[in-house]
Amino acid sequence: MSHPTEQSAFLRWTDPKTTAVVRNTLLEARRTEEFTSGIGLFAVREIPRGTRMIEEAPMIVLPNTQSIDDELDAFCSAFQQLTEAERSNFDQLYCGYSVDKTSELLNAVRRWRSYNLTHDTDGSWLDDTRHTEVLHIIYDRFYRFRTNFVYLGAVNASGKGLFALFSRINHSCVPNAYWTFNAAIERLTVHATRHIRVGEQITISYIKDPIAPKIVRALREKALAKSSVSILPKKDALPSAMELVALLEKQGIAGMELASAYRQCAIFSQRIGALQAAKNYAALEDLTKRSAVGLDRLQGDGDDKTDAESSGREVQSVEATAEA
Ligand SMILES: C[S@@+](CC[C@H](N)C(=O)[O-])C[C@H]1O[C@@H](n2cnc3c(N)ncnc32)[C@H](O)[C@@H]1O
């Protein structure tokens with residue numbers, strides 16, 4: 001239940017001198033050497049492939065909403081429930097501020113403010129100057145959420161979550177980690193998809209399909225087309241799928257995309273009667289999935305077409321603390 005004083009969360013910023021420290025026993029957030037990449041997450045220990053590097057509960061969860069007003073309202077309610085340390089941590093997350101400053105969003109922020117925040121912390125009406133400042137604070141924080149949230153299921157059809165440590169992970173087209181929201185344990189997990197050395201930056205792919213480069217898409221489409229009942233002989237499908245596997249392996253892409261390519265190889269091998277090869281590919285698919293999402297994810301929903309799994313060799317919990 002929201003207490004009136006909690007509304008003051010949007011009437012001031014957190015103390016900028018407060019340093020949010022976000023780490024666990026395997027990883028720490030720090031500035032990257034590249035100016036444009038800001039803060040990143042780095043390994044503080046050797047991390048074997050398949051290690052569960054992060055198992056993190058959301059700081060903020062929003063339900064799937066239909067309108068921008070509903071989403072903003074849900075965000076503001078959730079934000080007001082955060083502790084001071086969490087707010088401070090949140091205020092220091094990266095903000096892609098100028099991404100889409102739309103009048104629609106600004107108007108939604110104005111509406112929310114006028115219904116919910118009429119008075120200042122000292123009880124006086126918000127004057128014009130404070131009014132503008134308060135709009136800015138709400139707008140900025142909502143944007144910070146929008147820069148960092150992930151869907152907890154299907155895009156545009158599920159709730160959204162914000163995770164403090166996960167929010168510090170930068171993108172790479174050839175990532176060394178794979179993330180998924182594991183509904184069985186209601187945690188976001190990040191697994192190492194290859195061995196990671198001390199000091200190496202942890203990266204994930206921000207792109208839904210990281211094997212998007214044209215050449216790879218073409219290969220995959222070729223493999224799928226050849227597997228269909230008509231036109232092309234089924235036996236041609238396997239070499240194309242194997243070509244895709246080889247390309248992914250060469251690039252070092254070892255998340256669920258590779259698992260899916262192994263699966264194609266297993267299916268196509270089985271179809272031409274190469275049963276031992278099919279078994280081998282199925283085993284590789286299984287190993288790859290375990291390394292990317294973990295056994296609990298695989299057993300949790302039984303949907304092996306979507307995400308990955310991991311061995312769960314190490315489970316780290318997030319320590320998000322604030323130091324004055
Ligand atoms: C979720 S944040 C990641 C953490 C962020 N670097 C920070 O300082 O907190 C996403 C933002 O990080 C930056 N970023 C992520 N990956 C990057 C990359 N490979 N190169 C440059 N900037 C990157 C972009 O500005 C992106 O909008």
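All values derive from a computational prediction rather than experimental measurement. All values below come from the heavy atoms of this structure, side chains included, with hydrogens, waters and symmetry mates left out. Order of listing sets the numbers, starting from 1, for every ligand and every atom in it.
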If you measure from OH on Tyr178 to CE on Met53, what distance do you get to the nearest 0.5 Å?
-> 13.5 Å
Only counting residues at least two apart or in another chain, list the ones meeting side-chain contact (heavy atoms from CB on, under 4.5 Å) with Glu249.
-> Val245, Leu258, Tyr262
Spacing of Met242 atom CE and Tyr281 atom OH [to the nearest 0.5 Å] | 3.5 Å
Is it true that the side chains of Gln92 and Ser88 contain a donor and an acceptor less than 3.5 Å apart?
-> yes
Atom-level proximity to ligand 1, residues with heavy atom under 4.0 Å = Thr36, Ser37, Gly38, Ile39, Tyr94, Asn148, Ser167, Arg168, Ile169, Asn170, His171, Tyr206
Partners meeting ring pair (Phe, Tyr, Trp, His ring centres under 6.0 Å) with Phe145 (sequence neighbours left out) | Phe75, Phe149
Only counting residues at least two apart or in another chain, list the ones meeting ring pair (Phe, Tyr, Trp, His ring centres under 6.0 Å) with His195.
-> none
